[in-house]
Peer 1: 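Below you will find the structure I want to go over with you.
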Amino acid sequence: MTIYVGNLSFQATEDDLREVFAEYGEVSRISLPTDRETGRKRGFAFVEMKDESKEDLAISELDGAEWLGRELKVNKAKPREDSRGSGGGKSLSNSPY
DNA sequence: CCTGAGCGG
């Protein structure tokens, strides 16, 4: 599960995000995308944890909270794409439906 | 990189 973190301060870094999310669980992965042309931070990030239950807790607690002067917008991120592409199909993951 | 859109490779 990946967490989408929006409305971030441009001064925020991956390490800062890791510390903040580490309060709710061990951070497995951090992603801080930037614009491919200028390299400027777009003000959002992606955080992944080892325990999904901790992610849900972090989302509910950090969403709407103020951080570095900006109100955090935390939500579950869209899955970028399945890593499989060869002949394959969609993942057999259990859908929410 | 000096910026404000919310979803990346």
Side-chain angles (χ1 to χ4, degrees):
Chain A
M1 223 284 285
T2 314
I3 308 175
Y4 165 81
V5 187
N7 203 41
L8 279 176
S9 173
F10 294 111
Q11 306 178 86
T13 65
E14 298 181 20
D15 192 66
D16 290 320
L17 286 164
R18 183 150 36 210
E19 286 188 57
V20 172
F21 278 79
E23 298 181 90
Y24 306 94
E26 187 174 357
V27 177
S28 174
R29 191 186 71 164
I30 298 279
S31 185
L32 183 57
T34 51
D35 188 89
R36 82 151 175 98
E37 298 186 60
T38 61
R40 281 189 281 116
K41 295 182 203 162
R42 295 177 64 190
F44 69 92
F46 293 98
V47 180
E48 194 170 327
M49 292 183 166
K50 293 189 175 178
D51 297 328
E52 293 188 20
S53 52
K54 308 292 181 60
E55 295 180 345
D56 187 58
L57 180 66
I59 291 173
S60 56
E61 290 297 309
L62 294 175
D63 184 32
E66 185 181 300
W67 189 52
L68 302 180
R70 302 294 288 201
E71 185 181 277
L72 288 181
K73 289 186 181 176
V74 188
N75 251 93
K76 297 193 176 180
K78 305 186 211 174
R80 259 193 321 103
E81 199 173 322
D82 194 292
S83 303
R84 324 209 180 247
S86 48
K90 305 199 170 167
S91 38
L92 255 229
S93 321
N94 47 321
S95 26
Y97 308 110

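Per chain, numbering begins at 1; letters A, B, ... match sequence-line order.
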Peer 1: Under 4.0 Å between any heavy atoms, over every strand shown, what does A:R36 touch: base, sugar-phosphate, or nothing? Just pick one.
Peer 2: nothing
Peer 1: Output the distance between atom CE (A:M1) and atom CE (A:M49), rounded to the nearest 0.5 Å.
Peer 2: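 CE of A:M49 is found 9.0 Å from CE of A:M1.
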Peer 1: Please find the earliest and latest nucleotides of DNA chain B, in the 5' to 3' direction, that have an atom within less than 4.0 Å of any heavy atom of chain A.
Peer 2: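 Under 4.0 Å from chain A, the extent on DNA chain B is B:dC1 to B:dG9.
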Peer 1: Can you measure from NZ (A:K41) to CD (A:Q11) and round to the nearest 0.5 angstrom?
Peer 2: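 That separation rounds to 8.0 Å.
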Peer 1: Would you give the length of the straight line joining atom CG of A:L68 to atom CG of A:N7, rounded to the nearest 0.5 angstrom?
Peer 2: 11.0 Å
Peer 1: Without placing hydrogens or testing angles, list every side-chain donor-acceptor pair under 3.5 Å for residues 15-25 of chain A, not counting sequence neighbours.
Peer 2:
unit_1: A:D16; atom_1: OD2; unit_2: A:T13; atom_2: N; d: 3.2
unit_1: A:D16; atom_1: OD2; unit_2: A:T13; atom_2: OG1; d: 3.0

Peer 1: Looking at residues at least two apart in the chain, or sitting in another chain, which of them share a side chain to side chain donor-acceptor pair (under 3.5 Å) with A:K76?
Peer 2: none
Peer 1: For DNA chain B, determine which residues of residues 44-62 of chain A have any heavy atom closer than 4.0 angstrom to one of its atoms, and list them numerically.
Peer 2: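 The answer is A:F44, A:F46.
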Peer 1: Is there a path of hydrophobic side-chain contacts, each under 4.5 Å between heavy atoms of I/L/V/M/F/W/Y residues, joining A:V47 to A:L72?
Peer 2: yes
Peer 1: Applying a 4.0 Å non-hydrogen cut-off, can you work out what A:T38 is touching in the nucleic acid: base, sugar-phosphate, or nothing?
Peer 2: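 Here A:T38 touches the backbone only, sparing every base.
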Peer 1: May I have the list of side-chain donor-acceptor pairs in residues 56-63 of chain A shorter than 3.5 Å, sequence neighbours left out?
Peer 2:
unit_1: A:S60; atom_1: OG; unit_2: A:D56; atom_2: O; d: 3.1
unit_1: A:S60; atom_1: OG; unit_2: A:L57; atom_2: O; d: 2.9
unit_1: A:D63; atom_1: OD1; unit_2: A:V74; atom_2: N; d: 3.0

Peer 1: For the CD atom of A:E55 and the OG atom of A:S28, what is their distance to the nearest 0.5 Å?
Peer 2: 8.5 Å
Peer 1: Give, for atom OH of A:Y4 and atom NZ of A:K78, the distance between the pair rounded to the nearest 0.5 Å.
Peer 2: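 The NZ atom of A:K78 is 9.5 Å from OH of A:Y4, to the nearest 0.5 Å.
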Peer 1: Output the residues of residues 13-21 of chain A in contact with DNA chain B, where contact means a heavy atom of the residue under 4.0 Å from an atom of the strand; sort by number or write none.
Peer 2: none
Peer 1: Tell me whether A:F46 shares a hydrophobic cluster with A:L8, the cluster being built from Ile, Leu, Val, Met, Phe, Trp, Tyr side chains joined at under 4.5 Å.
Peer 2: no
Peer 1: Base, sugar-phosphate, or nothing for A:L8, non-hydrogen atoms under 4.0 angstrom?
Peer 2: base
Peer 1: Starting from the 5' end of DNA chain B, give me the residue, A:T34 or A:N75, whose nearest nucleotide shows up first.
Peer 2: A:N75
Peer 1: How long is the straight-line distance from CD1 of A:I30 back to CD of A:E48, given to the nearest 0.5 Å?
Peer 2: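 Between A:E48 CD and A:I30 CD1, I get 9.5 Å after rounding to 0.5 Å.
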Peer 1: By nearest heavy atom, map A:Y4 and A:G39 onto DNA chain B; which one lands nearer the 5' end?
Peer 2: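 Whichever sits nearer the 5' end wins; that is A:G39.
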